[in-house]
Colleague: 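Got a structure here, written out as structure tokens. Questions coming.
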Amino acid sequence: MRILRSVSIAFVLVVQLASQSAYQERDFLTRVRRLTVEGRRAGEGYWSPDGRRLVFQSEREPGNPFYQIYVLDLMSGDTKRISPGIGKTTCAFFRPGTDEIEFASTHADPKSKQYQEDELAFRASGKERRYAWDYDPEMDIYAYSEKTGALKRLTEARGYDAEGSYSPDGQWIVFTSMRDAYNRQLSEKEKKQLDTDPSYFAEIYIMRADGSGQRRLTTVAGYDGGPFFTPDGKQIVWRRFDESGLIANVWMMNPDGSNQRQITDFGSMSWAPYMHPSGQYIIFASNKLGFENFELFIVDPEGKKEPVRVTYSDGFDGLPVPSPDGKTLAWTSSRSGGSAGQLFLAQWNHEKAVEALRNAPPKKPSNKS
Amino acid sequence: MTTTTDGTQRAQRAQGRLNSVFSAISAFLISPFLISAFSICAPSAAPQSKTKTYVQTLASERLEGRLAGSNGERLAAEFIAGELKRIGAQPLPGQRDYRLPFEFTAGTKDGGSRVMIGQETFSTETDVRALSFSDNGDVTGELVFAGYGIVVPGSQDFGYDSYATLDVKDKVVLVLRYFPEDAEQKTKAILARYADLRYKAMAARQRGAKAVLVVTGPRSPNAGETIPMSFDTALAGSGIVAASISGAVAKGIFDAIPGKTLQDAQQALDSANPHVAGFAIPNVTVTVHAMVQREKKTGNNVAAYLPSTTDVAGVAKPWIALGAHYDHLGHGEAGNTLAAKEDASKIHFGADDNASGSAAVLAAAATLATQPRHRNVLVAFWSGEELGLIGSGAFAAKPPIPLDAIAAYLNFDMVGRMQDNKLTIQATGTSPAWAKVIEQSNIAAGFDLLLQPDPYQPTDVATFNSSGVPSLTFFTGTHADYHKPSDTADKIDYEDLDRIVDFATAIAKRIGDLADAPQFTKVEQQTQPGAGRAGVRVFTGTIPDYSTEVKGLLLSGVIGGGPAEQAGLQKGDVIVEIAGQTIANIYDYTYALDVLKIGQPAKVVYIRNGQRRETTLTPAARK
């Protein structure tokens with residue numbers, strides 16, 4: 001390679017951040033690899049039960065600036081869109097033991113195409129805005145059949161229904177709904193709240209896999225969202241925001257809504273929890289170290305220990321999902337530059353994670369809570 | 001044989017002994033472990049690296065750092081050609097050999113320059129030596145002493161013009177080397193910028209002088225000495241006869257003027273007082289015979305192809321190309337070493353730069369040769385990259401296959417030092433097709449990819465980008481051994497280099513199998529490559545071709561969205577005049593940039609297809 005004459009030579013250096021922990025990222029994550037390249041951003045990768053595929057959302061559909069849902073075959077490298085291609089979608093999940101994949105979508109909204117064009121025009125204008133999820137009230141949950149391509153609508157309620165995931169036996173879906181903001185008379189204060197931050201009304205619900213028996217599990221003000229069953233199906237782990245929408249923590253409860261308990265207490269935004277298949281720890285993301293610097297952490301299910309930091313890279317690291325065998329981690333990161341996240345994979349060192357938590361000090365209570 | 005080489009060999013013999021002792025001990029210590037490892041959990045033999053032998057051979061002592069035009073380069077080309085034959089690749093259509101020679105200027109020396117003053121002739125190199133950029137020829141004329149021969153462009157708000165009061169038309173100009181010695185620092189800094197010998201020669205030429213003679217003044221460093229030939233791959237003469245003369249010759253000249261000495265004349269000028277003028281030297285006629293021998297050397301690109309296994313009739317763009325430069329720095333002769341002085345003339349093995357990339361292309365070709373192919377696969381090994389992309393430039397200037405028949409070009413430059421699984425892919429902005437192909441291929445390859453859209457990189461990918469070919473270049477990052485003799489084969493990470501080969505092979509296969517060739521996208525560039533002189537403030541968006549001998553500035557491309565593109569200039573145009581300044585070569589052009597004003601339209605005269613044309617270019621501010 002020729003010596004570059006201008007100053008812009010791209011030195012690729014690995015900057016090792018100073019850290020107080022005895023552990024570094026490479027203790028937990030090795031062979032980090034970037035999985036998605038195409039499109040503006042991608043994320044929320046969830047494993048098929050056999051660990052051979054991932055379902056994820058990506059802004060890569062020509063003519064549609066919003067997320068659509070894709071299935072990626074890790075054996076062949078082939079990617080297939082399974083969502084309708086119109087409107088916004090989010091949060092897909094494989095239904096164990098079947099050919100179904102659930103996700104949330106706004107394609108039934110007749111205004112969907114207009115929104116797409118408006119957003120494309122806005123982007124073409126060169127203006128920028130902070131990335132924000134808009135909790136579209138037309139969002140509903142659907143189940144897609146990979147065999148027939150048929151799409152079955154599971155929720156009908158006005159208000160954002162999304163963030164669904166199946167129980168390990170495939171019989172139940174836990175999800176987030178904001179229907180509470182639309183199915184009753186709101187006070188003046190609540191109306192104002194709905195305008196500025198609809199997620200305030202989000203609560204955790206459960207339903208059967210066919211959409212029947214929808215039931216509310218949480219009732220506390222502030223955004224309850226992102227619920228997942230634990231691998232044994234006996235618990236639900238989710239994140240609960242306070243009323244300000246700035247502080248969030250990892251919580252657990254029984255599938256009937258009983259025994260709700262707080263696991264983390266950073267006094268920052270701790271969210272996207274997912275239980276490791278071993279059941280020994282929860283992986284989650286928090287911006288404890290800086291408002292826009294989300295890192296991954298692990299914590300024991302009882303929340304007795306101080307969480308252990310896993311990632312040490314600039315930018316966003318979040319939405320961690322371990323593979324069914326617990327040996328690989330899929331997560332969303334902006335570590336390769338830019339503000340938009342892409343899907344990453346790495347080998348996960350389970351033994352090191354267990355050891356690090358064993359050595360971790362008892363939980364320090366946050367002074368903010 | 002030089003003492004340095006002796007030293008190197010001694011060191012290496014010692015190293016060899018050390019190695020054999022060490023390996024004897026370690027083999028003894030670890031052999032039980034190895035046996036158990038192989039018998040329990042590994043296949044009977046460790047898998048053979050696809051690239052190690054290639055790198056070790058190319059980066060061996062015998063190939064002496066593969067400097068373009070050297071014996072080492074010739075041996076390397078021979079080795080590559082042999083491997084291509086073994087793989088079953090064929091010489092390109094219409095070629096009988098894998099080697100595609102190209103000529104370039106590797107250096108300059110004086111070919112017997114002389115100066116005659118009156119009846120006296122000076123002909124030794126201690127008395128007269130042509131400047132490396134001189135035109136060859138004989139010139140006779142009256143003499144004018146033009147001080148330091150410095151002209152500061154009006155745009156600099158600093159009035160200094162050695163020619164302000166002089167008429168030098170059809171005369172021979174005598175100037176001092178360097179710049180006024182006693183000027184205050186700030187003034188010096190300005191004058192120094194315009195004191196380059198090429199710039200002085202251009203200033204004299206533009207005022208109609210026939211020749212310029214340079215003398216190193218008695219009050220300057222190197223007083224009275226002629227100026228050594230500079231290493232210069234550039235190539236065109238500067239459009240004027242130019243030579244340096246000794247203090248003795250200058251004395252001969254000044255002896256003709258009663259009461260004046262060079263010493264006094266220099267002293268008067270050394271305060272940089274702009275009102276101290278030069279003067280004509282009456283009654284002296286000088287004849288300058290300048291002769292520069294430009295040492296032409298021949299470099300060799302090596303290229304072959306794997307014909308498609310299916311009929312390519314009707315296939316859009318029926319070629320894909322993989323390439324890497326195989327030349328390196330030799331013994332650092334070309335001055336582009338980064339080694340400390342005592343190591344600068346040792347062999348620069350260039351294992352990572354770029355035996356690694358060459359090995360990757362060979363290994364990828366070996367794999368592709370065994371697979372069905374729906375496009376012809378061109379595999380190319382460039383020489384002269386380290387001297388300024390000369391080899392790939394020569395290929396693109398006279399392409400043996402049409403460049404617009406190439407669907408995509410994959411370049412490999414420094415791919416042997418992977419860290420933390422990070423692989424950089426540059427030039428991804430050259431096609432919208434890349435994201436999908438890279439994503440699909442990386443599912444199996446599993447790299448932590450860093451993608452950079454910018455194709456204006458200091459490697460051969462720039463050549464193909466300029467030719468409108470969708471391109472990628474692979475890079476594992478720079479390191480402390482970059483451009484030093486310590487870039488050796490033992491430091492290469494062969495396991496990951498082999499993974500890069502698999503990855504690139506998969507990309508090549510996917511592109512080769514596409515029904516539609518990838519679209520080319522022109523990437524806009526923010527900053528101007530090349531020149532990089534401190535203080536150049538204007539941006540014209542031209543990409544000069546450094547590798548040819550055209551009179552004028554040949555453009556190897558224009559930067560997308562830049563002023564040159566907006567002015568309608570394009571690749572292949574030769575700029576001969578800008579803002580009233582004639583341009584004989586790239587140096588003139590660089591100096592002409594100083595005269596340009598941001599936002600003020602300037603007339604550009606250029607040659608396209610042999611026709612002289614004009615346009616207006618509005619320089620932008622350099623970011």
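Order of the sequence lines fixes the chain letters, A, B, ..., with proteins taken first and strands second; residue numbering starts at 1 for each chain. Bear in mind the structure is a predicted one, so any value in this text is a computation, not a measurement.
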Colleague: Can we say A:Arg26 and B:Asp420 salt-bridge, meaning some charged N sits less than 4.0 Å from an Asp/Glu carboxylate O?
Modeller: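 A salt bridge is present here (some side-chain N lies under 4.0 Å from a carboxylate O).
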Colleague: Which residues satisfy the salt bridge (charged side-chain N to carboxylate O under 4.0 Å, His left out) test with B:Lys491, sequence neighbours excluded?
Modeller: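 B:Asp481.
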Colleague: If you check every heavy atom in residues 427-437 of chain B against those of chain A, which residues fall under 4.5 Å?
Modeller: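 From residues 427-437 of chain B, the residues near chain A are B:Ala435, B:Lys436.
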Colleague: If I compare all heavy atoms of B:Glu439 with all of A:Glu38, which pair ends up nearest, and what's the gap?
Modeller: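 Taking B:Glu439 first and A:Glu38 second, the nearest heavy atoms are OE1-N, 3.0 Å.
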Colleague: Just checking heavy atoms, which of residues 72-81 of chain A are less than 4.5 Å from chain B?
Modeller: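 The list, in residue order, reads A:Leu72, A:Asp73, A:Leu74, A:Ser76, A:Gly77, A:Asp78, A:Thr79.
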Colleague: I would like to know whether B:Lys422 and A:Arg33 meet side chain to side chain contact (heavy atoms under 4.5 Å, CB included); could you show each step before the answer?
Modeller: CA-CA 8 Å; B:Lys422 285 192 201 305; A:Arg33 54 195 273 195; over 6 Å; no
Colleague: A:Arg34 versus B:Leu451: any side-chain heavy-atom pair under 4.5 Å?
Modeller: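 A:Arg34 reaches B:Leu451 side chain to side chain.
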Colleague: Under 4.5 Å heavy-atom distance to chain A, tell me which part of B:Asp487 shows up: side chain, backbone, both or neither.
Modeller: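 Contact with chain A: none, neither part.
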Colleague: Between A:Arg31 and B:Asp496, does at least one N-O distance fall below 4.0 Å, as a salt bridge requires?
Modeller: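 A salt bridge is present here (some side-chain N lies under 4.0 Å from a carboxylate O).
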Colleague: Rounded to the nearest 0.5 Å, what's the gap from CG on B:Asn421 to CG on A:Leu29? Could you check?
Modeller: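 Rounded to the nearest 0.5 Å, the CG-CG separation comes to 12.0 Å.
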Colleague: Not counting sequence neighbours, which residues clear salt bridge (charged side-chain N to carboxylate O under 4.0 Å, His left out) with A:Lys352? List them please.
Modeller: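 Listed in chain order: nothing, the list is empty.
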Colleague: Quick check on B:Arg510 against chain A: is it the side chain, the backbone, both or neither that has a heavy atom closer than 4.5 Å?
Modeller: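 Contact with chain A is through the side chain of B:Arg510 alone.
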Colleague: Please rank A:Leu35, A:Leu345, A:Thr30 by heavy-atom pairs under 4.5 Å with chain B and give me the top one.
Modeller: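 If we count pairs closer than 4.5 Å to chain B, A:Leu35 comes out on top.
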